[in-house]
Peer 1: 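This is the structure, below, for whatever I ask next.
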Amino acid sequence: MINYKEFEVIRTMLKNNGAMKDIAAEVYADKQYYVFKSPEEVADLAAGLERKGYIADGKVTRSAMEEIASLKVDNAVILAAGGSDISAKSVYSMPKGLYVKNGETLIERQIRQLQEAGIRDITVVVGYKQEMYFFLQDKWNVDLVINPDLKKNNIYSLYMVADRLGSTYVCNCDNYFEKNPFSQYEYNSFHATVYKQNAHNELLVKKNDSGRITKIYSGAQSGECIYGHAYLDRNLTRRLTAFLRKEIDDFRVNALFWEEFINRHVDDLDMYARNYPDDFLYEFDSIQEIQNIDGLFLENVSGRINQKICAVLNCREDEIHNIEILQKGLTNVLFTFVVRGEKYIFRYPGESSSFFIYRKNECRAQLLAAKAGVDRTYVYIDESGVKISKFMENCVNMNDVYYHDIELMKEVARQIRKFHNEGLDMPDWQEFDYNPIEQCERLMQEASKMKSNLFQVFAKEWDAMRRLYAYTQKDGIPKTMCHNDINQDNCLLNDSGLNIIDWEFAGYNDPAYDFGRVIAAYEFDDPTIDQILEAYFGRPATELERLHWIAFMGIHCWYYVGWAVYKESINESSRDWMLFFYQQSKRVIRYALPRYEEIYGKME
């Protein structure tokens with residue numbers, strides 16, 4: 001039997017139509033992963049293969065083909081059931097495998113590469129938005145298998161095709177290979193790896209001197225990472241499927257990546273590491289990683305973003321550059337770009353936002369804010385949620401000044417007043433009416449479908465909050481268009497002044513609601529509150545106005561308790577905001593309710 005390096009010479013010759021003029025140079029130059037030390041080593045191996053009768057006249061012989069016949073790859077499995085992790089935002093409203101590069105989806109590129117290598121038996125395991133993959137059956141003659149339980153990890157997808165595993169490539173739908181990595185023949189089981197300096201979110205391998213994987217683990221800062229495709233030979237799949245069928249119902253197993261399951265039985269499953277350079281294969285586990293392939297991001301953000309930018313900024317597509325996806329944003333996908341030396345932010349709305357954000361309200365509020373000079377970053381917005389803004393350079397870190405700098409807080413109040421003045425007496429105000437108690441009820445009702453009954457969990461708080469809101473309606477404060485989410489993240493301060501941004505939660509509401517997190521950090525008897533309110537009114541606030549504004553701080557925070565539990569119910573983090581909003585609401589209830597009862601009497 002030929003050894004591994006001899007096999008690699010033969011296999012490389014076969015991939016290049018079975019004939020080479022300069023075997024040593026061409027085989028050595030062709031390899032995308034480490035095998036040979038030098039062209040001279042390849043020449044020695046080729047000479048040995050000629051002596052064995054496996055190469056003649058620069059061609060692979062019939063004897064060689066018979067020798068490697070048992071190493072032929074039977075089929076391929078492509079895992080495509082996941083994707084909800086980064087496709088949850090509507091900027092990626094398709095599964096990951098359907099991202100497009102140069103007019104070709106990632107999964108179709110892999111299918112094509114497999115078929116070009118002679119692998120015709122291809123199975124695709126689908127789940128998340130499975131219907132979007134159905135076209136592959138007719139177009140590419142592949143089989144589809146459904147993963148019925150997406151709460152389990154991709155080990156369950158592999159289990160669903162256990163009876164198809166033999167001499168099998170296992171691929172991920174979201175991989176992109178610069179060159180075709182597949183072949184009709186493989187010598188032994190391997191997993192592709194890439195060395196990464198930043199590996200804290202990756203699975204890594206340890207291997208012995210022969211390259212056999214001895215451990216798959218996580219938690220290292222850097223190292224050789226599991227990445228890309230794998231090949232499983234018949235010996236490994238026979239043992240693997242036996243382990244799978246025995247253990248798959250264990251909840252500790254079905255939550256694993258399939259490579260982690262390999263690690264559970266690493267002493268019984270011979271798998272080798274095949275190390276590729278990091279510019280040969282790409283994998284996408286986060287939105288930021290989509291930047292790894294030039295142009296892939298803009299090609300997939302609904303297909304129309306380039307045209308929108310060009311139409312709004314009157315530019316050409318080749319003038320759009322320096323694209324950088326931002327980490328910031330609990331609801332949306334944001335990226336910056338540069339056109340003709342000017343930097344902008346493009347916002348694409350997340351799917352989860354559609355339940356609690358009214359884009360028509362946002363558009364009206366954004367236009368009013370621009371007119372009032374409150375938001376000078378505005379460039380474009382439409383009712384789909386797409387927005388383009390000027391990028392503000394050299395902004396002050398609000399963590400250092402918000403709440404701490406009284407002059408800043410007074411300026412925030414003055415800007416709010418300017419906006420409120422623009423939104424007064426809107427003739428069509430009913431179209432934009434916003435009742436924060438009703439909105440919170442709606443969020444908690446939806447969140448209760450996944451959690452326990454939140455109206456029972458918060459029964460006392462709901463009773464108190466409804467009474468508090470009813471009292472505020474007796475105060476006779478005229479409503480206006482409101483931002484409804486003013487906080488330090490939505491205030492930008494630089495040398496050109498203060499801008500209030502992000503009008504997603506806007507609606508026709510009580511003006512005091514906009515002070516929910518403007519006065520939230522102060523004790524209720526703190527004179528700072530009086531200074532902020534005086535800046536807003538242009539005079540000292542009355543005692544009733546002061547109570548009204550503090551009451552709405554609690555109402556504001558109570559809505560955001562509902563927002564936070566809703567986000568958590570759809571598996572999106574609200575960070576530590578839920579507890580903050582809950583505590584603020586309780587604090588206001590204790591302060592404001594007794595005072596309102598003294599003014600208006602107790603409610604039944």
Side-chain angles (χ1 to χ4, degrees), residues 69-83 95-97 106-128 130-150 152-175 177 180-192 226 228-250 253-254 256-262 264-265 268-272:
S70 63
L71 304 178
K72 192 168 184 178
V73 179
D74 296 330
N75 61 354
V77 168
I78 302 178
L79 305 179
K96 291 192 288 184
L106 298 183
I107 195 167
E108 289 183 273
R109 181 182 177 88
Q110 283 193 71
I111 292 171
R112 175 176 60 77
Q113 289 175 328
L114 284 162
Q115 292 185 352
E116 288 173 353
I119 314 301
R120 297 289 174 178
D121 183 354
I122 301 171
T123 300
V124 181
V125 186
V126 297
Y128 173 74
Q130 57 186 267
E131 70 283 355
M132 299 186 74
Y133 285 115
F134 289 175
F135 77 97
L136 296 174
Q137 294 181 102
D138 293 332
K139 184 174 181 180
W140 293 96
N141 194 31
V142 301
D143 290 332
L144 297 184
V145 170
I146 307 299
N147 178 345
D149 193 344
L150 297 184
K152 298 175 181 177
N153 216 325
N154 69 4
I155 184 61
Y156 201 75
S157 289
L158 200 63
Y159 171 71
M160 294 302 300
V161 291
D163 60 342
R164 302 184 184 216
L165 300 179
S167 173
T168 305
Y169 281 120
V170 177
C171 307
N172 297 312
C173 68
D174 58 347
N175 289 159
F177 305 103
N180 193 336
F182 305 114
S183 170
Q184 274 193 304
Y185 300 90
E186 292 290 358
Y187 192 79
N188 51 23
S189 296
F190 71 84
H191 203 300
I226 290 287
H229 62 303
Y231 166 72
L232 313 182
D233 64 26
R234 293 181 186 87
N235 289 331
L236 186 145
T237 56
R238 185 177 64 253
R239 296 179 180 182
L240 174 62
T241 53
F243 290 133
L244 272 174
R245 290 181 175 121
K246 182 179 179 180
E247 302 174 37
I248 193 63
D249 292 328
D250 186 335
V253 168
N254 58 45
L256 298 175
F257 290 105
W258 74 263
E259 294 93 343
E260 293 176 297
F261 186 76
I262 292 286
R264 286 171 62 95
H265 302 283
D268 298 305
L269 301 173
D270 291 336
M271 176 174 279
Y272 292 79

Peer 1: Where do Gln184 and Ala117 come nearest, in terms of heavy atoms and distance?
Peer 2: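 What the structure gives for the nearest pair is CG-O, 2.8 Å.
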Peer 1: Search all heavy atoms of Leu165 against all heavy atoms of Thr241 and return the closest pair with its distance.
Peer 2: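 Shortest heavy-atom separation between Leu165 and Thr241 comes out as CD1-CG2, 4.0 Å.
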Peer 1: Does Arg120 use its side chain to pair, donor to acceptor, with the backbone of Asn141 at less than 3.5 Å?
Peer 2: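 Such a contact is absent between Arg120 side chain and Asn141 backbone.
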Peer 1: For a 4.5 angstrom cut-off between non-hydrogen side-chain atoms, does Leu236 reach Met271?
Peer 2: yes
Peer 1: Between the side chain of Ser189 and the main-chain N/O of Asp233, is any donor-acceptor distance below 3.5 Å?
Peer 2: yes
Peer 1: Which atom pair, heavy atoms only, marks the closest approach of Ala76 to Leu114?
Peer 2: CB-CD1, 3.7 Å
Peer 1: How far does CG of Asp121 sit from OH of Tyr169, to the nearest 0.5 angstrom?
Peer 2: 14.0 Å
Peer 1: How about CZ on Arg112, more than 12 heavy atoms from neighbouring residues, nucleotides or ligands closer than 6.0 Å, or not?
Peer 2: yes
Peer 1: Check Ala80 against Ile107 and note the closest heavy-atom contact, atom names and distance.
Peer 2: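 Nearest pair, atom of Ala80 first, then Ile107: CB-CD1, 4.1 Å.
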Peer 1: Checking the side chain of Thr168 only, and the main-chain atoms of Leu232 only, is there a donor and an acceptor separated by less than 3.5 Å?
Peer 2: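 Such a contact is absent between Thr168 side chain and Leu232 backbone.
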Peer 1: Keeping Arg164 on the side-chain end and Thr123 on the backbone end, is there a donor-acceptor pair under 3.5 Å?
Peer 2: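 The answer is no, because no donor-acceptor pair under 3.5 Å joins these two groups.
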Peer 1: Is there a side-chain contact between His191 and Val170 (heavy atoms, below 4.5 Å)?
Peer 2: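 The answer is no, as the side chains (C-beta and beyond) never meet within the 4.5 Å cut-off.
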Peer 1: Rounded to the nearest 0.5 Å, what separates atom CH2 in Trp258 from atom CG in Leu244?
Peer 2: 10.5 Å
Peer 1: Mind checking the OG-CD spacing from Ser183 to Gln113? Nearest 0.5 Å is all I need.
Peer 2: 13.0 Å
Peer 1: Is there a side-chain contact between Leu158 and Leu240 in this structure, where contact means two heavy atoms from C-beta onward sitting under 4.5 Å apart?
Peer 2: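 Yes. Closest side-chain heavy atoms under 4.5 Å.
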Peer 1: Using atom types as modelled, flag every donor-acceptor pair under 3.5 Å from a side chain in residues 130-139 to any protein atom, sequence neighbours excluded.
Peer 2:
residue : atom : partner : partner atom : Å
Tyr133  : OH   : Gly97   : N            : 3.2
Lys139  : NZ   : Glu108  : OE2          : 2.8

Peer 1: Look up atom CG in Asp174 and atom CD1 in Ile78, then write down how far apart they are to the nearest 0.5 Å.
Peer 2: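 Reported to 0.5 Å precision, the distance equals 11.0 Å.
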Peer 1: Check the pair Asp270, Asn235 against side-chain contact (heavy atoms from CB on, under 4.5 Å), reporting the backbone distance first and the verdict last.
Peer 2: CA-CA 9 Å; Asp270 291 336; Asn235 289 331; over 6 Å; no
Peer 1: Output yes when a side-chain donor or acceptor of Gln115 lies under 3.5 Å from a complementary backbone atom of Trp140, and no otherwise.
Peer 2: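 Yes: the side chain of Gln115 pairs with the backbone of Trp140.
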Peer 1: Rounded to the nearest 0.5 Å, what's the gap from CD1 on Ile111 to SG on Cys171? Could you check?
Peer 2: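 Going from the CD1 atom of Ile111 to the SG atom of Cys171 covers 10.0 Å.
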Peer 1: Any sub-3.5 Å donor-acceptor pair from Asn180's side-chain atoms to Phe182's backbone N or O?
Peer 2: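 Flag set: sc Asn180 to bb Phe182 pair under 3.5 Å.
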Peer 1: Which heavy atom in Phe261 sits nearest to a heavy atom in Glu247, and how many Å separate them?
Peer 2: CE1-OE1, 3.5 Å
Peer 1: Does any non-hydrogen side-chain atom of Tyr159 lie less than 4.5 Å from one of Lys152?
Peer 2: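 A side-chain contact under 4.5 Å is absent here.
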Peer 1: Look at the rings of Phe243 and His265 and say which category their plane angle falls in: under 30° parallel, 30 to 60° tilted, over 60° perpendicular.
Peer 2: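 Answer is parallel, since the angle falls under 30°.
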Peer 1: Could you please spell out the steps behind the side-chain contact (heavy atoms from CB on, under 4.5 Å) verdict for Asp163 and Arg245?
Peer 2: CA-CA 10 Å; Asp163 60 342; Arg245 290 181 175 121; 4.1 Å; yes
Peer 1: Nearest 0.5 Å please: distance from the CD1 atom of Ile155 over to the CG atom of Asn147.
Peer 2: 11.0 Å
Peer 1: Look at the side chain of Gln110 and the backbone N and O of Asn172, then say whether any donor-acceptor pair between them is shorter than 3.5 Å.
Peer 2: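 Indeed, once roles are kept as given, a pair shorter than 3.5 Å links the two residues.
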